[in-house]
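In what follows, a single structure is set out as structure tokens and then discussed.
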Amino acid sequence: MKITVRHGQIQNINTAALIVNLFEGQNPSGATAAIDQALNKHISFVIQQGDFRGTKNQTLLLYTYNQIPAKRVLLVGLGRQEDFNVESARQAAGTAVHALEDLDIQSATTVLHGGGAGNLDAATAAQALAEASILAAYRFNIYNSTGKGSPLKKITIIEFDKSKITAIRRGVRNGSHIATGTCLARDLANHPGAVATPKFLAQQARTLAKNSDLTCQVIDEKGMQRLGMEAILGVSQGSNQPARFIILEHNRQKSKRPLVFVGKGLTYDSGGLSLKTGEGLMDMKFDMCGAAAVMGAMQTVSALKLPNYIVGLIPASENMINGQAIKPGDVLNTLSGKTIEVLNTDAEGRLILADTLAYADRYEPAGVVDLATLTGACVTALGHHASGMVSNDPGLAEQVQAAGEACHERVWPLPLWPEYREQIKSNIADMKNIGGRPAGAITAAALLAEFVTYPWVHLDIAGTAWNASKKPYISKGGVGVGTRLLVELARHWQPPT
Ligand code: BES
Ligand code: ZN
Ligand code: ZN
């Protein structure tokens, strides 16, 4: 999907479809009023009939019978003006794309949503529109013999105020890069586990580096043995697919302390000997969505040429059961020197993250954010509407939460009181990898905290990483959650002091 910007009067535009909007309970204003006039009050008429009220994400398609050069007009409801925000603008754009995808057209022209009475500045409104339009047109169809991409290939933003065009172009550029990174994360997530193996993720990271200014280093199992990353190797030892440790760097500045992103890259989680049920196994190709989010974010921070030093660390591993598989009761010696008794092989994410968080220490990071589809308990706690957040640094947590609000990838804090640490005490090792049923999302984070030596935020994305039903701009399957949040965080990054 290509988004372009053009100066002009909306009623004079020749296009297959014009997208205009309406606040709930209001009469047409601005560009919508201009179209209403040109169409002999057609829009006012459908409002009077009660058929279009401008409720949030309501749509109505009108045909213009050559009264104006545009063939069709698509009305999109913005909801009540007092409730309007940048997320409403994204949803309006996504809703419009979905409505037009049912028609036999390839391009459309739109006004900005919320640029005027919505009180969004032009760059913000344009970013929202570009971001959500591209995300709404996303399809994953390479395994479907009849599947096609979205028929909609191009959207032109029309703006009559010349002084806003530069800001709109800037917003479109940002929104396009952010959506493209998110689509990369979705693609990586949606591939079957048989394709997206640790080696595949490493190859994708190398390709990413080749096509950008990022640098990429991949550590194989021999290298991990030399370093002493026994926890990652322990999880992978039951799999025929060897583990990989992937390092992507943006804007490397040796003297500076980076912002580090860590993503759980379990390319398939069978549970190991603590085998999952049939139902539990069904979605476990998505257990690398943390890794996917980090890859998408690294691609985007590079495309946006952000000034900060940013590192992405991805432990990529498969949790399977061959004759060598790790057994409940085994003890692993981690990179940090601390030992973990593995009492449930299905609690493997925290194991590969333990080595990765210890590895991050060598960067003396200003902050680390890890993303992981870590616990079913987090889904029980927060459902599918927020990721769980655990942190050792209130300032960093605040920045992450604000970034999540801004892009509508919401996160919600869970406490990390010392009492939770009691639940992961082991009889024979420094800790055990399960803490019982109570507060499962927190005890998982309590184990991670044992390997952290810097300001840190953990995001449990188990409930937000993939999606069963289509939303205005969120696809079914891999959502790409985390990419937009990490980019938003990096764009406004203030190192904790
Ligand atoms: N990848 C799963 C967590 C998960 C489950 C994510 C369902 C999304 C949906 C993780 O490795 C896991 O299996 N965790 C166990 C931990 C338990 C054994 C302490 C869980 O949540 O059941
Ligand atoms: Zn598991
Ligand atoms: Zn897992």
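Numbering of ligands and ligand atoms starts at 1, following listing order. Computed from a predicted structure; not experimentally measured.
- Here the heavy atom of the protein found nearest to atom 18 (C) of ligand 1 is Asn344 ND2, 3.5 Å.
- An N or O contact shorter than 3.5 Å is missing between Arg350 and ligand 1 by distance.
- Of all protein heavy atoms, the one closest to atom 19 (C) of ligand 1 is Ile434 CG2, 3.5 Å.
- Close N/O approach between Gly376 and ligand 1 is found [any backbone or side-chain N/O within under 3.5 Å].
- Taking the six-membered ring where the residue is Trp, Tyr138 and Phe140 present parallel rings, their angle staying beneath 30° rather than reaching 60°.
- When distances from the Zn ion (ligand 3) to the N, O or S atoms of Glu348 are compared, OE2 comes out shortest.
- Enclosure of atom CG in Asn211 by more than 12 non-hydrogen atoms of other residues, nucleotides or ligands within 6.0 angstrom is indicated.
- The option with the heavy atom closest to atom 13 (O) of ligand 1, from among Asp346, Asn319, Thr443, Asp283, is Asp346.
- Because the distance cut-off is set at 2.8 Å, Asp269 qualifies as a neighbour of the Zn ion (ligand 3) through one of its N, O or S atoms.
- Which parts of ligand 1 touch Thr373 is read off a 4.0 Å heavy-atom cut-off, strictly below it: atoms 1 (N), 2 (C), 3 (C), 6 (C).
- Look at Arg244 and Asp220 and you find no salt bridge, because none of the NZ, NE, NH1 or NH2 atoms lies under 4.0 Å from a carboxylate O.
- Under the 6.0 Å cut-off for aromatic ring centres, His98 and Tyr473 do not qualify, their centroids lying 6.0 Å or more apart.
- Regarding atom 14 (N) of ligand 1, its nearest protein heavy-atom neighbour is Leu374 O, 3.4 Å.
- Residue Lys199 qualifies as open at atom NZ: its count of foreign heavy atoms under 6.0 Å is 12 or below.
- Residue Glu348 approaches ligand 1 through these ligand atoms, each under 4.0 Å from one of its heavy atoms: 11 (O).
- Between Glu450 and Arg350 there is no salt bridge, since no side-chain nitrogen of the basic residue lies less than 4.0 Å from a carboxylate oxygen of the acidic one.
- A salt bridge does not link Arg410 to Glu405: none of the charged side-chain nitrogens sits closer than 4.0 Å to a carboxylate oxygen.
- Ion pair Glu101/Arg139 flagged as a salt bridge, since at least one NZ, NE, NH1 or NH2 atom sits closer than 4.0 Å to an Asp/Glu carboxylate oxygen.
- Contacts with ligand 1 closer than 4.0 Å are made by side-chain heavy atoms of Lys264 only, the backbone lying farther away.
- By the criterion of a heavy-atom distance under 4.0 Å, the side chain of Asp269, and not its backbone, is placed next to ligand 1.
- Annotation: Phe200 is in aromatic contact with His191 [ring centroid separation under 6.0 Å].
- Residue side and main chain included, Lys264 places an N/O/S atom under 2.8 Å of the Zn ion (ligand 3).
- Counting protein heavy atoms only, atom 8 (C) of ligand 1 is closest to Trp466 CH2, 3.4 Å.
- Salt-bridge formation is detected for the pair Asp287/Lys264: a Lys NZ or Arg NE/NH1/NH2 atom is positioned less than 4.0 Å from an Asp or Glu carboxylate oxygen.
- For ligand 1 and Lys276, the ligand atoms under 4.0 Å from any heavy atom of the residue are 2 (C), 12 (C), 13 (O).
- In terms of protein heavy-atom proximity, atom 7 (C) of ligand 1 is nearest to Met284 CE, 3.7 Å.
- Taking backbone and side chain together, Asp287 holds no N, O or S atom under 2.8 Å from the Zn ion (ligand 2).
- Look at Glu24 and Arg80 and you find no salt bridge, because none of the NZ, NE, NH1 or NH2 atoms lies under 4.0 Å from a carboxylate O.
- With a 4.0 Å cut-off on non-hydrogen atoms, Glu279 does not touch ligand 1 at all.
- Inspection of the Ser317 and Ser236 side chains reveals an N or O donor paired with an N or O acceptor under 3.5 Å.
- For ligand 1, the polar-atom distance check against Asp287 finds a nitrogen or oxygen pair separated by under 3.5 Å.
- Listed by atom number, the atoms of ligand 1 under 4.0 Å from Ala462 heavy atoms are 6 (C), 8 (C).
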